Each structure stands twice: as C-alpha cells, then as structure tokens.
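Below is one structure, written out as structure tokens, with a few remarks after it.
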Amino acid sequence: MDIDWLLLFEVSLAGLGTGGLYALTALAFVVIYKATRVVNLAIGEILMLGAYAFFGLAAGWALPWWAAALGALAVAGLFGAVVERTVIRPMLGESPISVFMVTVGLGSVLIGIVEIVWTADPHRLPEFMPNAPVFIGDAFLAPKIATSFVVAAVVIAVFVLLFRFWRGGVALRATANDQAAAYSMGINVPGVFSLAWVVACMVAAGAGILVGSIGGISSTMGVFGLSVLVVVIVGGLDSVPGALVGGLLIGLIEALAGIYLGGEYKLLATFTLLIAVLMVRPYGLFGTHEIERL
C-alpha cells in the first residue's frame, strides 16, 4: 500500500496541534499534583468552566474577546482559590481516595451548575481567531488548530520560565520537593497550595477557551479531561516535561489512529499506549520513581 506522505504530514500536524492543548491542560493537572499531591479529576470540568465563563462574558455581556478572556481567567483563578481554601485544604491529611472522590464530586457539581445556567445544549463561542488558511509547505493546517498550538506553546514557555526563575515558582518547586524543608526555610506552604490551584485553574480555563473555539462548548466537554488524565499518567504525574511530551505523543497517536484505523479506535490506541507504558514504567515516562522502605 502506497503511503500518502502529504496526508500523513497533515494528520501529524493536526495531531500535534491537539497535543499542544492536551499538554497545556496536563500542565494544570501537574501543577496541582506537584504542590499538594491531589489527583484533580475535575480538571476537565474546570476547563469547561473557563470556556463557559468566556461564553457568558463575550456573548451574554457583549465584551470584546480579549476582555472576556481575561474575565474568564479571573473567574477560574477565583474559583481555584475558593475551592482550595474551603474544600481541599480541610481534606489534606485524609486518605488519598477521599480527596480524589472530592474532586470527582466537584466535577459533577460544575456540570450541574453549567446545565442550570446555560442548559445542556451545545453552544458556539464568538469567533475571535484568524481564519486565514495555514500552509506548511504543501500541507494544510486548520487555522484554529494552528493558532491554538501557538498560544499553548507560548503559555507553556512562559510558565516554564516563571516556574524556573520567579520567586513563586521557586517556592512551588521547593514545596513539591519537600514540604517540611519548605516550612523550615520560611516558605508559606498553605499559600503555595493556593497559588498552585489559582494558577492551574487559570491555565485550564485558557485551554478551555481554545478547545471551545475549535469544537464548540457543551456540558460534556469535560470528557477532554479523560485524555488529559492519560497524558499525565503516561508522562508522569509530577513531571512538567512529561506533561509536554505526553500531550504531544497522545495527540499524535489519536490523530494517526483516527485517520488510518477509524475514529472508534482512537481511545483504543490511547489506552493501549497507557497500558504499555505503565507495564514498563509504572511511574510514567518522566515521573519520579519513589522508593518506600519498610
């Protein structure tokens, strides 16, 4: 069978574009896990919250798209701060499964709120992205996917730089490595927990705006978080590089499986990769291998 190399290149570009959004959302997941060791299964619903906040401000209040985007990020950041202070912090020290189930319940609550306010019907976000065709050589890439990838790449680059050099980023890394040592160095660890939730929710909301601009929004768009969960497990729950590599890898595999095997095989390919990685490296490609001595 002859290979259509142009089609393969176009599909790969589209897969990497989607992978950039996976990586951006996975970054939000990893930030919370690194700081608090909380597996936040509501990350997909927080992404949905950001998209609907943008929709409400842009379509309902007729704000310019940039003002609506800033407002949506502010809403998500405030939501993260409130949830961390009132729901997550009192649960710290409890069994991991209890905290995990709290995030599951949080996701269900967000879905209920969205359906009460905006109904369960799907909606389209106001158009704000460029519509000019994008070509890389002879390969065509959908303009919204190309724009979303560029935005995701810039946000990830800025985040990595802040994480490395900003005082808050240094405090977050110190807390993630050793909370007791961070306390002894005068770092406000509870404040770092709040910072992690605020930043992560804002990042997830930004990803939600980008995802919603491509495929529309609905109360079921939180299922995007299922693929993101696979990304962070494959890459490593506590690894920022793992989130980036895992996102691009999963996006590429889903795109190739969808075009060459059929759309119904995308999840099969994704979870087959997940099982294969976990059998070889149970802590993910870049995750920390923790050794417990009894």
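What you are looking at is a predicted structure, and each value in this text was computed from that prediction instead of being measured.
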Quick check: are there more than 12 heavy atoms from other residues, nucleotides or ligands sitting under 6.0 Å from [atom1] of [X]?
| X | atom1 | answer |
| --- | --- | --- |
| Asp138 | CG | no |
| Phe271 | CZ | yes |
| Arg85 | CZ | no |

Closest non-hydrogen atom pair between [X] and [Y], with its separation:
| X | Y | answer |
| --- | --- | --- |
| Glu84 | Pro190 | OE2-O, 4.4 Å |
| Ala146 | Val134 | CB-CG2, 4.0 Å |
| Ala23 | Ile156 | CB-CD1, 4.1 Å |
| Ile253 | Ala269 | CG2-CB, 3.9 Å |
| Ala58 | Pro126 | CB-CG, 3.8 Å |
| Ala35 | Ala196 | CB-CB, 3.5 Å |

Would a distance-only check, ignoring hydrogens and angles, find a side-chain to backbone donor-acceptor pair under 3.5 Å from [X] to [Y]?
| X | Y | result |
| --- | --- | --- |
| Ser98 | Glu94 | no |
| Thr272 | Leu268 | yes |
| Arg281 | Val277 | no |
| Lys266 | Ala257 | no |

State, with a plain yes or no, whether a side-chain heavy atom of [X] is found less than 4.5 Å away from one of [Y].
| X | Y | value |
| --- | --- | --- |
| Pro133 | Phe135 | yes |
| Leu21 | Ile214 | yes |
| Ser12 | Leu8 | yes |
| Met101 | Met91 | no |
| Thr103 | Val39 | no |
| Val245 | Phe286 | yes |
| Leu273 | Leu249 | yes |

How many angstroms lie between atom [atom1] of [X] and atom [atom2] of [Y], to the nearest 0.5 angstrom?
| X | Y | atom1 | atom2 | result |
| --- | --- | --- | --- | --- |
| Leu47 | Glu45 | CG | CD | 9.0 Å |
| Leu229 | Leu274 | CG | CG | 8.0 Å |
| Met48 | Ile111 | CE | CD1 | 5.5 Å |
| Leu267 | Leu226 | CG | CG | 6.5 Å |
| Ile116 | Ser219 | CD1 | OG | 11.5 Å |
| Phe193 | Ile88 | CZ | CD1 | 11.5 Å |

Would you say [Y] ends up clustered with [X] if hydrophobic residues are merged whenever their side chains have heavy atoms under 4.5 Å apart, either directly or through other cluster members?
| X | Y | value |
| --- | --- | --- |
| Ile97 | Leu237 | yes |
| Trp66 | Val151 | yes |
| Ile145 | Ile217 | yes |
| Phe29 | Val192 | yes |
| Leu13 | Leu24 | yes |

*Name the orientation class of the two ring planes belonging to Tyr52 and His123 (parallel below 30°, tilted from 30 to 60°, perpendicular beyond 60°).*
perpendicular

*For Ile275, the rest of its hydrophobic cluster, which grows through side-chain links under 4.5 angstrom*: Met279

*Can you list the residues that meet the side-chain contact (heavy atoms from CB on, under 4.5 Å) rule with Phe128, with sequence neighbours excluded?*
Phe54, Trp65, Ile209, Ser213

*Audit row: Ile46, Asn40, side-chain contact (heavy atoms from CB on, under 4.5 Å) steps and yes/no*: CA-CA 10 Å; Ile46 296 172; Asn40 181 17; 3.6 Å; yes

*Could you walk me through whether Val31 and Val203 pass the side-chain contact (heavy atoms from CB on, under 4.5 Å) test, one step at a time?*
CA-CA 10 Å; Val31 167; Val203 170; over 6 Å; no

*Could you verify whether a donor N or O on one side chain and an acceptor N or O on the other, from Ser227 and Glu254, lie under 3.5 Å apart?*
yes

_Less than 3.5 Å apart, any donor N or O on the side chain of Arg89 or Thr36 sitting next to an acceptor on the other?_
no

Sequence neighbours left out, cut at 3.5 Å: what donor-acceptor pairs do the side chains of residues 73-83 make with other protein atoms?
none

*Begin with the C-alpha distance, continue with both residues' side-chain angles, and end with the deciding distance and a verdict on side-chain contact (heavy atoms from CB on, under 4.5 Å) for Leu141 and Phe149.*
CA-CA 11 Å; Leu141 180 62; Phe149 180 82; over 6 Å; no

*Tyr22 and Phe224: aromatic ring centres closer than 6.0 Å?*
yes

*Test side-chain contact (heavy atoms from CB on, under 4.5 Å) applied to Phe100 and Val38, step by step*: CA-CA 7 Å; Phe100 173 81; Val38 171; over 6 Å; no

